[in-house]
Every structure is written in structure tokens, then in C-alpha cells.
Amino acid sequence: MQMDFKVSQANRASTSLQSVELAPRVMGRFGDAASGPTLIVLGAVHGNEPSGYKAMLSLFSRFVETPVKLRGSMVGLVGNRQALTESVRFCEEDLNRLWLPDRVARIRVAENLSGEMAEARDLYLEIERVLTESDGPVYALDIHSTSGAGPSFVVLDDSLPNREFALELEVPMVLGIEEELEGTLLDYLNARGVRTAGFEAGQHDDPESVERAEAAIWVAMRASGVLGRNCEADVDRASRRLAASGRGLPHLFEVRHRHAIRPNLVFQMHPGLKGFQAIAEGEELAIESGASVRAPQAGLLLMPLYQAQGEDGYFVIRPVKTRWLGISARLRQLRLERVVHWLPGVRRLDAVGREIRVDVRIARWLPLDFFHLLGFRRIGQVGRHLFLRRRPDDGVEAASAEWPPV
């Protein structure tokens, strides 16, 4: 078992950022990658979201003093070290939007990188080291927090392996955010065959967010198979804490709308709005450069923005019946993507039907929800053509390096 800390012994227990000059990239390495699965825990990919970092600091200190037996390995990584020190989302550009194919190609080979590109380079090297050393399946838990108050929830690219992992966290699950964002670290990890979940712990500076993040790490250790059967009392206690966060809420949601903040406009959310708060169609939620921003439909509010940095003003979500998870799993197991190109207006773009193009003028009777059930995700639209890619339900299929497909 190996531990890498650059925090003084006197300040370790406080988990105070004032005691940190520059956080270590690798918070800790535990176990043996050759003996089972591997769990990567990521914290502070956004520097003003310290709950994952603080949770690792607290939990890993405990593991040093009282070692736990693992039947695999766990690695804790800090994302944006400089932004964490400055308590800002990012310094020059969003580290969680850099993981596009062309940017990753540059990260691999370029020298003398600076800012978030340098952070990405270091993070990329550590991730590749983990993937190279791991003989078993690799899981990743990416811990974030929100500027507005609200309960914990989990987001994911809805492949069956990711879903199985995320369901263990026992907090509300939100589907569809990955279709609204480009270049996220979880996108890259999914393309590398890693089973992933993004955990939103709560509000940035809420001490309870740190406790929830720590609980999520415990549960992810069990869900990934890293922990085995020891420390069951700790994991059960962690599961109860997470379940309490979302008590009274439906378990499954989907994104229906994202308000993207347009460049050079000043976005100001109305005060006091919270995550999972019910909103009405037409309700005024914010002011953007003097203009009213109103909800385009009724639903529940997700991640209202109360910080200067960020491109997402808010999301609108709605509950989904959990029975659709079972239905979609059965449809995907039938591998219907192999014949979906027989439908009018649908064209297969590769030999196996992993990528398709849908002419929305011809196939307008086929809702996007239908393709979601079959395991496809929207990756973009050019004119009347909607491009979709099937999620890698085997957990190892790499995503295409180019978009739009030719």
C-alpha cells in the first residue's frame, strides 16, 4: 500500500484547503492491480468543487493508519491542482471540456503545455499508467459538486456496465446530461473501456457534501469489487447516508432542456433556487444581460448556476419510470442496432451499426427516446441529419475518434 500526501501531519485531520500549497496529483495508491478490478477516484476536476479532494484526504488518511484489505486496487487522482488552490472552476479553460479527440491527440505528444492543458497532460499520464497496470476491469468515480443547494445525484453515459455501477450509489440517477456536454473526462474514460459514474455530492462548500463524497467512495469500492467483503459496516453506513440524501425523490430522471449561456452575456440566476425544485412552464428563473430567462417547460430544476464560471445556466429534468431500465436492457441484449438501419430514414454509418444517421424529415415518427432504449446517444445534428452512436455495452468498445462520421 502506498500513500502520497503533501499535507502536514498537524493539518491532515482538518482537511482544510488552507493547509495545501499544491495538492498532489496522486492522492494515494492502494492494493494490487494484478489481483482484481481497479477503482479510480477523481476529485477537483473543477477547482471550486473540493468535496472529492477533501473526502479522499480524510478517507485515505484513515486507510494509512488502519489498512483495508483489497482484492484489487484503488487510485485517487486530483484533477485541476492549480484551480483547486485558487478555489476557481478553472484558470484558463474548463479541464472537463478538453477531452475531445483532437485535444487528446495534442495532450499525448505536445511539450511545454501550460494551464489546463498541462493539468490534462499530467492527468492523462496517470490514467494511462493505471490502465496499463490493471489486469481486471477498471471503474472510475468522478466526484463533483454544484453551486446551488440540492441533494446528491449520479450522472452517467447510459451503457449497461455504467448503469450497473451507478445504481449501487442509491441516489437519484439523471440520464442525458452526457448528450449536452462535449469533451468531458468521463467521455474519454468511457472510450477507453472504463466503467464510469459522475457523482454530484451537493453544494460546493457544504460540509455534508464531503461526507456524501466519502460515502460514495465507500459504496464505489464495493460496487467495483475492489473492497471484497470486509468493512461491511462502513459501506452499509455509507449506503444509508446516500439513500437519505434523495429520500422522497423518484430514482430516475432524464434531461429535457439545457440552458446554455451564450458568449459575452451576463447570466444571473434568481436567488434561492435549489436542485430538484419543481418549476412551472414560463416561470422566470434568471436574467441574462437584461432579458428574462423563463423555463420552456414544466419539470424539476437541476444545477442552477450561482458562480461566475460555467456554460450551463440550468437544466430541466423530469422523472422516468424505472421499468424502462429493464425494458431497455432487454432490447439492447437483443442487439437490435444491427437492424435499425432497415427503418425509413435511418442509415448505418459503419459495418456493425454502432453509428447511425437519422433523417428527421423522414423518420420524424421515431422519437429520440426510442433510440435511447436501444442504447444510442445523440452526438450532434447537421441540418436535417441527427447523428447517434451506440453506447459500448460490453464496456470495452472504443468510441469513434471523429465526428461527424463520414
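Numbering starts at 1 and runs along the sequence shown.
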State, yes or no, whether a side-chain contact exists between M221 and L39 at a heavy-atom distance under 4.5 Å.
-> yes
Roughly how far, to the nearest 0.5 Å, is CD of Q203 from OG of S152?
-> 12.0 Å
How about V78 and V26: do any of their side-chain heavy atoms sit closer than 4.5 Å?
-> no
Does the pair T146 and Y306 meet the rule for a side chain to side chain contact (heavy atoms under 4.5 Å, CB included), with working shown?
-> CA-CA 9 Å; T146 57; Y306 290 107; over 6 Å; no
Where do L100 and D187 land on the side chain to side chain contact (heavy atoms under 4.5 Å, CB included) test, with the steps shown first?
-> CA-CA 9 Å; L100 295 163; D187 266 351; over 6 Å; no
Would you check if the side chain of S58 reaches a backbone N or O of K54 as a donor-acceptor pair within less than 3.5 Å?
-> no
Aromatic rings F30 and F63: how do their planes relate, parallel, tilted or perpendicular, breaks at 30° and 60°?
-> perpendicular
Does L368 reach the side chain of L386, with side-chain heavy atoms less than 4.5 Å apart?
-> yes
R62 bridged to D234 by N-O distance under 4.0 Å = yes
Rounded to the nearest 0.5 Å, how far apart are CZ of F376 and CZ of F370?
-> 9.0 Å
R212 and S245, any side-chain heavy atoms less than 4.5 Å apart = yes
State, yes or no, whether a side-chain contact exists between N162 and N190 at a heavy-atom distance under 4.5 Å.
-> yes
Determine the sole option in F253, F276, F315 for which the ring-ring contact (aromatic ring centres under 6.0 Å, His included) test with F153 is passed.
-> F276
Give a yes or no on whether a salt bridge exists between R25 and E119, defined as a side-chain N under 4.0 angstrom from a carboxylate O.
-> yes
Below 4.0 angstrom, N of the basic side chain to O of the carboxylate: do D158 and R377 qualify?
-> no
Out of curiosity, R378 CZ to E180 CD, how far, rounded to the nearest 0.5 Å?
-> 5.0 Å
Looking only at non-hydrogen atoms, find the nearest pair between F165 and A140 and report the distance.
-> CE2-O, 3.5 Å
Answer yes if the side chains of S73 and T38 hold a donor-acceptor pair under 3.5 Å, and no otherwise.
-> yes
Taking only Lys NZ, Arg NE, NH1 and NH2, and the carboxylate oxygens of Asp or Glu, determine whether E288 and R262 approach each other closer than 4.0 Å.
-> yes
So, E337 and R348, do they make that salt bridge, N to O below 4.0 Å?
-> no
Do H204 and H46 come close enough that some side-chain heavy atom pair is under 4.5 Å?
-> no
How many angstroms lie between atom CG of N80 and atom CG of L123, to the nearest 0.5 angstrom?
-> 9.5 Å
Which heavy atom of H372 sits nearest a heavy atom of R332, and at what distance?
-> O-NH2, 3.1 Å
Any R71 side-chain heavy atom under 4.5 Å of V226 side chain = no
Shortest non-hydrogen contact from S134 to V130?
-> OG-O, 2.6 Å
Specify whether H259 and Y314 have parallel, tilted or perpendicular ring planes, treating 30° as the upper limit for parallel and 60° as the lower limit for perpendicular.
-> parallel
Quick one: do E355 and R390 make a salt bridge, cutoff under 4.0 Å?
-> no
Does T184 reach the side chain of R97, with side-chain heavy atoms less than 4.5 Å apart?
-> yes
T196 versus V194, closest heavy-atom pair with distance = CG2-O, 3.5 Å
What closest approach, in Å, do M269 and G313 show between heavy atoms, and which atom pair accounts for it?
-> SD-O, 3.7 Å
Closest non-hydrogen atom pair between R222 and S239, with its separation = NH2-OG, 3.2 Å
